Number of protein chains: 2
Amino acid sequence: MKGVYSYSMDNSLRILKEHDIRPTQQRLEVHLILLKQAKHLTAEEIYEKVKVKMPAISPATVYTILDLFKQKHVVNEIRIQFDKSCFEARIDPHHHFLCKHCRNIFDINIKPCPALETRTIEGNLIEELQGYFYGTCRKCLEKNDDKPV
Amino acid sequence: MKGVYSYSMDNSLRILKEHDIRPTQQRLEVHLILLKQAKHLTAEEIYEKVKVKMPAISPATVYTILDLFKQKHVVNEIRIQFDKSCFEARIDPHHHFLCKHCRNIFDINIKPCPALETRTIEGNLIEELQGYFYGTCRKCLEKNDDKPV
DNA sequence: TTAGTATCAATAATCATTCTTACCTAAAAA
DNA sequence: TTTTTAGGTAAGAATGATTATTGATACTAA
Ligand SMILES: [Mn+2]
Ligand SMILES: [Mn+2]
Ligand SMILES: [Zn+2]
Ligand SMILES: [Zn+2]
């Protein structure tokens with residue numbers, strides 16, 4: 001993660017161009033937000049952030065842009081929460097953890113993960129994978145906060 | 001899988017009792033359907049099947065029952081499809097594959113999977129996990145059916 | 001029996017996401 | 001420059017799976 005992404009509009013511009021995405025203002029803004037945050041944001045959260053700079057934008061536009069970004073592989077969509085999607089600029093396959101207590105979502109590194117290292121399983125071609133872990137995060141364990149929200 | 005489940009109402013009755021679930025007709029019926037199918041069924045599909053025997057039942061009841069079953073760990077819910085959940089009677093942790101072409105969902109066995117063998121990762125306590133794989137299944141590869149639906 | 005509790009069906013409500021439509025913009029063509 | 005064209009966007013309606021609510025019924029324990 002460190003240094004892989006830098007947070008300038010120039011960078012977003014370059015990345016969009018590299019992926020054959022016409023860089024409109026709205027698309028640049030959405031992409032920059034994801035780059036800057038380096039977090040997992042819902043469409044709603046992204047919409048709220050874009051609206052600060054572009055008050056006229058609509059949620060549907062954000063959804064459309066995220067959909068395009070997904071197809072062009074400039075964002076990763078995760079469905080670790082049942083009721084809504086999150087998006088992130090990190091696109092290399094990696095797993096996620098959702099804490100039942102604090103509801104935080106963060107990346108998980110499984111040391112040698114066979115799932116991440118193979119292209120096929122039992123003859124089936126893997127084009128995408130998602131690993132979701134649910135439980136109690138380290139911080140909440142320390143707080144002895146055992147009951148889920 | 002072979003022989004682990006048998007498909008009688010007696011078996012459903014026993015399993016519900018073992019999990020402190022009062023065995024109503026509706027609950028037994030939903031459970032039996034999942035046992036018999038040994039597949040991944042949506043709430044809608046389960047509802048349609050229950051309705052054959054119990055025409056008065058409503059979708060909300062099926063959702064309520066599935067929710068109870070989840071809490072009591074007699075079913076496993078998988079969210080490999082973005083728009084709806086599937087349920088299965090198999091409750092030991094295992095991964096799933098969704099084929100983009102034929103839309104089939106099936107179990108995947110990762111030989112030694114560290115994720116399935118550990119209770120904590122980086123200090124975080126894992127209480128549940130889901131591994132979702134997306135791509136082209138063996139059968140569709142054989143058919144040389146390369147384009148997703 | 002009777003009060004208290006749990007379950008259920010039906011309906012309405014929720015709410016993230018998608019669809020539809022009309023307008024707008026920017027570049028290509030003339 | 002003017003016209004054409006394609007694509008992008010905003011707004012609001014529609015979708016559809018799931019959840020909440022509610023009133024009725026069935027079970028349970030004393
Ligand atoms: Mn991530
Ligand atoms: Mn399964
Ligand atoms: Zn936590
Ligand atoms: Zn297939």
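Please read these numbers as outputs of a predicted model, since none were measured by experiment. A note on names: the letters A, B, ... follow the listed sequences, proteins ahead of strands, and every chain is numbered from 1.
- Here C/dA6 presents its P atom at 17 Å from CG of B/D67, a figure rounded to the nearest Å.
- Note: CD1 (B/I65) to C1' (C/dA10) measures 15 Å, nearest angstrom.
- Across all strands, A/T64 comes closer than 4.0 Å to no nucleic acid atom at all (heavy-atom distances).
- The residues A/K100 and B/E127 are annotated as salt-bridged, a charged nitrogen and a carboxylate oxygen being separated by less than 4.0 angstrom.
- Heavy-atom minimum distance, B/R27 versus B/F69: O-CZ, 3.4 Å.
- Regarding contacts with the backbone of C/dT18, every side-chain N or O of A/Y63 stays at 4.0 angstrom or more from both OP1 and OP2.
- Counting non-hydrogen atoms of other residues, nucleotides and ligands closer than 6.0 Å to CD of A/E128 gives a total above 12.
- In this structure, CD1 of B/I21 is placed 11 Å from P of C/dC8, rounded to the nearest angstrom.
- Cluster partners of B/L129, by chain and number: A/F97, A/F106, A/I108, A/I110, A/F133, B/L116, B/I121, B/I126. The rule joins Ile, Leu, Val, Met, Phe, Trp and Tyr whenever side-chain heavy atoms lie under 4.5 Å apart.
- Nucleic acid contact for A/A60: base, since at least one base atom lies under 4.0 Å from a heavy atom of the residue.
- To the nearest angstrom, P of C/dC24 lies 19 Å from CD of A/Q25.
- Note on A/R22: every side-chain N or O is 4.0 Å or more away from OP1 and OP2 of C/dA26.
- With hydrogens and angles ignored, the 3.5 Å screen pairs no side-chain donor or acceptor of B/Y134 with any backbone N or O of A/Q130.
- Counting any heavy atom pair closer than 4.0 Å across all strands shown, A/T24 reaches sugar-phosphate atoms only and no base atom.
- When the P atom of C/dT7 is taken as reference, atom CE of B/M54 falls 15 Å away, rounded to whole Å.
- Between A/E142 and A/R138 no salt bridge is recorded (no basic side-chain N to carboxylate O distance below 4.0 Å).
- Residues B/E45 and B/K49 are not paired through a salt bridge, judged by the lack of any N-O separation under 4.0 Å between the basic side chain and the carboxylate.
- Atom CG in B/L66 sits roughly 16 Å away from atom C1' in C/dA9 (whole-Å rounding).
- If you check C/dT11, C/dA9, C/dT17 against the side chain of B/Q26, the one that comes closest is C/dA9.
- Note on B/T61: every side-chain N or O is 4.0 Å or more away from OP1 and OP2 of C/dA10.
- For the pair A/R27 CZ and C/dT25 P, the interatomic distance rounds to 16 Å; values are reported in whole Å.
- Going from atom CG of B/L68 over to atom C1' of C/dC8 covers 13 Å, rounded to whole Å.
- With a cutoff of under 4.0 Å to any heavy atom of chain A, the contacted region of DNA chain D is bounded 5' to 3' by D/dG8 to D/dG12.
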